[in-house]
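Below you'll find the structure, written out as structure tokens, and then a few comments.
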Amino acid sequence: MQSQASPYRVQIWVCVNRRDDGSNACGNKLQMRLKDALKAAVEARGWTGRVRVSHSGCMGLCARGPNVMVQPIGRWFSGVTEADVPTLLDEIAPHVG
Ligand code: FES
């Protein structure tokens, strides 16, 4: 194993966990569209290589979803929609450099 500094300044985790039993799950709420919108907006801002948008499994706060977690700045966004993408990115912009 090798350990090294992260190649990204900021990593955005979009929960895409799905459940078929009708219970709360971010992925049941079109999260892949949200992830794609975030990726496109990150690219449009010229942040590619500094900001990584990834999808995750359940992050444990399903009732608040759709959830997005941003590390290492420790921000958590809940109830996120595609319309929130510009505001979300504006909030993390100071950490992107
Ligand atoms: S399903 Fe997204 S936090 Fe649990």
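Heads up: numbering here begins at 1 and tracks the sequence. Reckoned from all heavy atoms, side chains included, excluding hydrogens, waters and symmetry mates. Atoms within each ligand, like the ligands themselves, are counted from 1 in listed order.
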Please evaluate residues D84 and T81 with respect to the criterion side-chain hydrogen bond (donor to acceptor under 3.5 Å, both in side chains), reporting the C-alpha separation (whole Å), side-chain torsions for both, the decisive distance (0.1 Å), and the verdict. CA-CA 5 Å; D84 297 318; T81 70; 3.3 Å; yes

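- When each of R33, K39, K35 is tested with E82 by the rule salt bridge (charged side-chain N to carboxylate O under 4.0 Å, His left out), just one qualifies, namely R33.
- Hydrophobic clustering (ILVMFWY, side-chain heavy atoms < 4.5 Å, transitive): W76 and V68 are in distinct clusters.
- Looking only at protein N/O/S atoms, the ones less than 2.8 Å from atom 2 (Fe) of ligand 1 make 2 in total.
- Clustering ILVMFWY residues whenever any of their side-chain heavy atoms sit less than 4.5 angstrom apart, transitively, puts V85 in the very cluster that holds V51.
- The shortest distance between side-chain heavy atoms of R52 and S6 does not fall below 4.5 Å.
- For the pair V80 and V14, the minimum side-chain heavy-atom distance is 4.5 Å or more.
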